[in-house]
Amino acid sequence: MYKYDIKSSKAEEFINHEHIIKCIKEAEADKGIDFYMAIVDKAREEKGLSHMEVAYLLHCKYEEVWQEIFKLAKQIKEDYYGSRIVLFAPLYLSNYCINGCVYCPYHATNTTIPRKKLTQEEIKREAIALMDMGHKRLALEMGEDDTVNTMEYLLDSIKTIYDIKHKNGEIRRVNVNIAATTVENYTKLRDAGIGTYILFQETYHKENYEKLHPTGPKSDYAWHTEAMDRAMEGGIDDVGCGVLFGLNNYIYDFIGIIMHAEHLEARFGVGPHTISIPRICPADDINPEEFENSLSDELFLKIVALLRIAVPYTGLIVSTRESQKSREKALQYGISQISGGSKTSVGGYACDVEDDFAYEESVQFDISDKRTLDDIVKWLLEQGHMPSFCTACYREGRTGDRFMSLCKSKQICNVCLPNALMTLNEYLEDYASEETKALGEQKIMEELEHIKQPKVKEKAREYIKGIKDGKRDFRF
């Protein structure tokens, strides 16, 4: 019998099943409105909540409490991140996979989906297509197949992308979302200059995890769940977690992801850099209605808000899986990063019309928000948000505990706001439609006045003028 141990390196101890079940049972009974309000009051200190405290709030039935949670989530997001929303896009390298994940169309036994692995020349084309949209930050994705999608292939792909200088475009941060691997391989990824290593847990419930992953390397629950520990042991400062809501009971997995964040903080001194909040959606060979635990829109927004007050220092990500309407609401309650202009097919950004490969049939999942990046930038500006393409912290060495110490003290705003303004200005000068450019320039002038330090404000104005004069890549 495993026992709960937050600092243990064993998955079944830092994500302890019996402990989660105990938390759920303890939280089920109504504690009275004053009890829940007391937890919300603690969250107002903006130092986070424990997994037990969020378990209580998840079971809260009082509308007055939820109104306070939503208001607080909005305030905490503003206090830590301001109006900034960071933009990125996924780039799929290969959909060859030997796993048997029952919720993913890439599973090995799916014979209807066309398979493709990009060459380095094709990767270059994809990256340039993304640069021409205005992207500076990518998340590389590929299926698990060590004979096809090798570490050497991935490292070559990262180098290919970083080496491209196209007009005024370049990819300044490459995040990597690949299967669990060894400490040695994580060190190689660190040395290649990746930003964040991302891996979704899918579900923390071991028994259900094994049913959902019946075959392939991913079927090893411990190997997968302990991957973030190995990544940090390999020298990767920034890791990104997530669960796929709809695969398992949402309360169990929500408690699990908070426990995972607590474990990383306790063992390594720094929690996850990001947490992603995807919901299962339609894809080739996959019907979401077959999964009993799908989240309603109301529950989805509650989870966003609770995550924001539970881990205020962590970036929260919502992808184009979600509709424009859903993302608009989620942005109010704590989301700080979104994808834009995304394709989930291998080679989907720059596919050649003469190429007979069925790109649209190779998607990993259906996209709900299909707007262009410029449409999304314009929409964010209209909603009062500050679109950001900033990658400065990663390139200035503000990662891991260095980033978190600045974030927890809320000092990160002193560099994030001016950096966001400058990267938005680059986008406006190089890629934006006239309507988006007009909105963006107005927003930049407004936000410049929010920079509190006179010297920083003066330097930001100087850099913005330099961008208009044709210079690029200023950063604090």
- Item | Verdict with supporting geometry, F245 and Y250, ring-ring contact (aromatic ring centres under 6.0 Å, His included) | CA-CA 6 Å; F245 284 104; Y250 75 94; 7.5 Å; no

- Query: In chain order, what residues pass the side-chain hydrogen bond (donor to acceptor under 3.5 Å, both in side chains) check against S50, with sequence neighbours excluded?
  - Reply: E53

- Note on the structure: For E68, the salt bridge (charged side-chain N to carboxylate O under 4.0 Å, His left out) test, sequence neighbours excluded, returns R44, K71

- Query: W379 side chain to D374 main-chain N or O, any donor-acceptor pair under 3.5 Å?
  - Reply: no

- Message: Can you give me the closest heavy-atom contact between I69 and A305, atom names plus distance?
- Response: CG2-CB, 4.0 Å

- Is the backbone of V183 close enough, under 3.5 Å, to the side chain of T187 for a donor and an acceptor to pair up by distance? yes

- Would you check if the distance from the ring center of Y349 to the ring center of H135 is below 6.0 Å? no

- Task: Please name all residues satisfying salt bridge (charged side-chain N to carboxylate O under 4.0 Å, His left out) with E262, sequence neighbours left out, ordered by chain then number.
- Result: none

- Task: Scan residues 174-201 for pairs that pass ring pair (Phe, Tyr, Trp, His ring centres under 6.0 Å), counting only residues two or more places apart or in two chains.
- Result: Y186-Y197

- Report yes or no: does Q201 contribute a side-chain atom to a donor-acceptor pair with the main-chain N or O of T203 at less than 3.5 Å? yes

- Using the test side-chain hydrogen bond (donor to acceptor under 3.5 Å, both in side chains), find all partners of D156 that sit at least two apart in sequence or belong to another chain. none

- Message: Looking at R308 and E46, is there a salt bridge between them, counting it only when a charged N and a carboxylate O are closer than 4.0 Å?
- Response: no

- For A192 and I158, work out which heavy atoms get closest and say how close. O-CG2, 3.8 Å

- Item | Heavy-atom closest contact (L244 atom, R279 atom, distance) | CD1-C, 3.6 Å

- Query: Ignoring hydrogens and geometry, is there a side-chain-to-backbone donor-acceptor pair from K42 to L49 under 3.5 Å?
  - Reply: no

- Message: Has R173 got a side-chain atom pairing as donor or acceptor with R137's backbone, closer than 3.5 angstrom?
- Response: no

- Task: Kindly say whether T320 contributes a backbone atom to a donor-acceptor pair with the side chain of S339 at under 3.5 angstrom?
- Result: yes

- List in chain and number order the residues that pass salt bridge (charged side-chain N to carboxylate O under 4.0 Å, His left out) with E462, two or more places apart in sequence or in another chain; answer none if no residue qualifies. K459

- Check ion pair E121-R125 (N to O, under 4.0 angstrom): no

- For P387 and L380, which heavy atoms make the closest approach, and how far apart are they? CG-CB, 3.9 Å

- Item | Residues that Y56 engages under ring-ring contact (aromatic ring centres under 6.0 Å, His included), provided they are two or more places apart | F35

- Task: Run the salt-bridge test on K468 and E429 with the 4.0 Å N-O cut-off and return the result as yes or no.
- Result: yes

- Determine the minimum heavy-atom distance between M228 and V239, stating which atoms define it. SD-CB, 3.5 Å

- Query: Is any NZ, NE, NH1 or NH2 atom of the basic residue among D238 and R398 found under 4.0 Å from an Asp or Glu carboxylate oxygen of the other?
  - Reply: no

- Item | Donor-acceptor contact below 3.5 Å, side chain S276 vs main chain P278 | no

- Query: Going through the checks in order, is the side-chain hydrogen bond (donor to acceptor under 3.5 Å, both in side chains) test met by D229 and H263?
  - Reply: CA-CA 9 Å; D229 290 56; H263 161 71; 2.7 Å; yes

- Query: Do the side chain of R230 and the main chain of E184 share a donor and acceptor less than 3.5 angstrom apart?
  - Reply: no

- Message: If the threshold is 4.0 Å, N to carboxylate O, is there a salt bridge linking E382 and K378?
- Response: yes

- Query: Sequence neighbours excluded, which residues qualify as side chain to side chain contact (heavy atoms under 4.5 Å, CB included) partners of I251?
  - Reply: I24, L58, H59, N249, I255

- Between N177 (side chain) and A139 (backbone), is there a donor-acceptor pair under 3.5 Å? no

- From the options H19, H224, H260, select the one residue that forms a ring-ring contact (aromatic ring centres under 6.0 Å, His included) with Y204. H260

- Verify, without hydrogens or angle tests, whether Y313 (side chain) and F403 (backbone) share a donor-acceptor contact under 3.5 angstrom. no

- Query: Which atom names give the shortest non-hydrogen contact between T314 and P272, and what distance separates them?
  - Reply: OG1-O, 3.2 Å

- Task: Determine, for E13 against K7, whether the closest basic-nitrogen to carboxylate-oxygen distance falls under 4.0 angstrom.
- Result: no

- Across all chains, not counting sequence neighbours, the side-chain hydrogen bond (donor to acceptor under 3.5 Å, both in side chains) partners of Y162 are Y394

- Message: Going by ring pair (Phe, Tyr, Trp, His ring centres under 6.0 Å), name the pairs with one or both residues in residues 321-347, residues two or more places apart or in two chains.
- Response: F70-Y333

- Note on the structure: So the salt bridge (charged side-chain N to carboxylate O under 4.0 Å, His left out) pairs with at least one residue in residues 323-333 (sequence neighbours excluded) are R327-D369

- Message: Please determine whether a side-chain nitrogen of the Lys or Arg among R475 and D473 lies less than 4.0 Å from a carboxylate oxygen of the Asp or Glu.
- Response: yes

- Item | Where at least one partner belongs to residues 450-473, residue pairs that pass ring pair (Phe, Tyr, Trp, His ring centres under 6.0 Å), sequence neighbours excluded | Y463-F474, Y463-F476

- Query: Is R172 paired with E170 through a side-chain N to carboxylate O contact shorter than 4.0 Å?
  - Reply: yes

- Task: May I ask you to test the M52-E26 pair for a side-chain heavy-atom distance under 4.5 Å?
- Result: yes

